[in-house]
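Following: one structure in structure tokens, then a few remarks.
None of the values given here were measured: they were computed from a predicted structure. Below, chain A is the first sequence line, B the second, and so on; all start at residue 1.
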Amino acid sequence: MPELPEVETVVRALRQPLVGRTFTEVRTYWPRRIGRPGLPEFKRWLHGQTVSAIGRRGKYILIHLADGDTLIVHLRMSGHLAVTPPDAERDKHTHTILRLDDGRELRFRDQRKFGRMYLVADPEEIVGKLGPEPLLASFTVDLLTERLQGRKRTLKPLLLDQSFVAGIGNIYADEALFYAGLHPERKSDTLTPADIHRLHAAIRKVLALGIAREGASIDLYTKPDGSKGEMQNAVAVFRRTGQSCYTCGQPIQRIVLGGRSTHFCARCQH
DNA sequence: ACCGGAGCCTGTTAGC
DNA sequence: TGCTAACAGGCTCCGG
């Protein structure tokens with residue numbers, strides 16, 4: 001499940017092979033992959049465009065084009081991007097191929113077909129509703145406190161809400177709540193200033209750790225070159241149901257919250 | 001304001 | 001052993 005650290009890892013890996021390249025051909029085998037505009041316009045519009053920069057907003061990959069437009073990619077559950085030689089064998093789940101002027105190809109593979117590509121003049125059309133970037137200096141304890149004002153929400157679904165804070169998914173939500181010592185069913189309006197302080201620190205800690213370890217290769221995520229990240233070996237609670245908490249030794253519990261499996265230590269999190 | 005459920009997908013796994 | 005049904009999971013939309 002690519003979340004902020006996984007997407008950041010992909011962006012860093014694609015920067016060198018992609019910046020400065022021009023798209024010379026667009027092929028897609030699953031038109032619904034293109035979120036907007038429609039496929040014919042997408043093809044016409046992207047043809048001949050040159051990549052000026054590549055960045056990230058939440059879980060969205062932003063491929064900035066020289067004329068000011070932006071190609072946006074969301075990997076959702078199982079999306080994978082790679083720059084490959086043209087003669088590389090095509091995986092059966094590769095549904096979109098963007099040919100580059102150096103002969104190589106940017107390939108979008110997606111087993112579950114949830115991922116999307118967008119081509120827009122203004123990226124705010126797509127990412128405008130996202131909450132703050134949690135790793136920027138501007139994401140302060142005060143900002144988090146302010147965003148919690150007047151709200152009464154269960155913490156786990158709140159962390160998964162991209163309009164509250166951008167980039168957190170199921171893995172890092174569970175990990176952040178563990179490090180904050182907060183129960184996933186805790187209501188947001190019961191947090192003390194000390195709780196908010198710990199939550200703020202925990203969010204940044206787990207996301208930074210995820211980036212340092214180049215993502216969690218749980219399920220299908222791999223880096224663009226196909227190798228695995230290391231974060232799956234550093235999780236405290238995620239998918240460790242029944243195993244001992246590293247802090248207190250109690251078995252990790254699993255519940256379902258907001259339709260998402262949720263893992264936590266009942267002794268360490270309140 | 002907040003929550004829950006459906007829908008989008010398909011490979012894997014649990015259950016009969 | 002072989003089949004089917006349930007499940008996972010990010011996000012959007014809808015209804016309560």
Which one, dG11(B), dC9(B), dG10(C), comes nearest to the side chain of Lys113(A)?
-> dC9(B)
Any side-chain N or O of His74(A) less than 4.0 Å from the OP1 or OP2 oxygen of dC11(C)?
-> yes
Integer-rounded Å distance: dG9(C) P and Leu4(A) CG | 18 Å
Rounded to whole Å, CZ of Arg116(A) lies from P of dC8(B) at a distance of 11 Å
Among dC3(B), dC11(C), dA8(C), the one nearest Arg153(A) by side-chain distance | dC3(B)
Could you state the atom-to-atom distance from OH of Tyr221(A) to P of dG9(C) in whole Å?
-> 17 Å
Does His93(A) have a side-chain nitrogen or oxygen under 4.0 Å from the phosphate oxygens OP1 or OP2 of dG11(B)?
-> yes
Under 3.5 Å donor-acceptor pair, Arg260(A) side-chain atoms to dG10(C) base atoms | yes
Between Arg27(A) and Glu25(A), is there a side-chain N and carboxylate O pair less than 4.0 Å apart?
-> yes
Of all the nucleotides listed (dG10(C), dC3(B), dA8(C)), which has the minimum atom distance to the side chain of Lys187(A)?
-> dC3(B)
For Phe238(A), report the nucleic acid contact type (base, sugar-phosphate, nothing); a contact means any heavy atom under 4.0 Å.
-> sugar-phosphate
Integer-rounded Å distance: dG9(C) P and Ile218(A) CD1 = 9 Å
Taking CG from Leu130(A) and C1' from dC11(C), how many angstroms apart are they, rounded to a whole number?
-> 11 Å
Decide whether Lys152(A) and Ser188(A) meet the rule of one side-chain donor and one side-chain acceptor closer than 3.5 Å.
-> no
Looking for any heavy atom pair under 4.0 Å, which part of the strands does Arg254(A) touch: base, sugar-phosphate only, or nothing?
-> sugar-phosphate
Taking atom P of dT10(B) as reference, at what distance in whole Å does atom NE2 of His80(A) sit?
-> 19 Å
Indicate, with a heavy-atom threshold strictly under 4.0 Å, whether Ser78(A) touches base, sugar-phosphate, or nothing.
-> nothing
Send over the distance from Ile61(A) CD1 to dG10(C) C1', rounded to a whole Å.
-> 14 Å
Who are the salt bridge (Lys or Arg N to Asp or Glu O under 4.0 Å) partners of Arg56(A), not counting sequence neighbours?
-> Glu8(A), Glu133(A)
Does Gln162(A) put a side-chain nitrogen or oxygen below 4.0 Å from OP1 or OP2 of dC11(C)?
-> yes
Does Thr22(A) offer a backbone N or O that forms a donor-acceptor pair with the side chain of Asp101(A) under 3.5 Å?
-> yes
Ranking Gly150(A) and Gln111(A) by the position along DNA chain B of their nearest nucleotide, the one closer to 5' is Gly150(A)
Does OP1 or OP2 of dC11(C) have a side-chain N or O of Lys59(A) closer than 4.0 Å?
-> yes
Choose from dG10(C), dG11(B), dC2(B) the nucleotide whose nearest atom is closest to any side-chain atom of Lys92(A).
-> dG11(B)
Is there a side-chain contact between Val10(A) and Lys223(A) (heavy atoms, below 4.5 Å)?
-> no
Side chain to side chain, Leu65(A) and Thr50(A), heavy atoms closer than 4.5 Å = no
Could you check whether Phe114(A) and the base of dC8(B) form a stacked pair, meaning centres closer than 5.5 Å and planes differing by less than 30°?
-> yes
Looking only at dC11(C), dA8(C), dC2(B), the nucleotide nearest the Arg112(A) side chain is dA8(C)
Rounded to whole Å, the CZ-C1' distance (Arg239(A) to dA8(C)) equals 7 Å
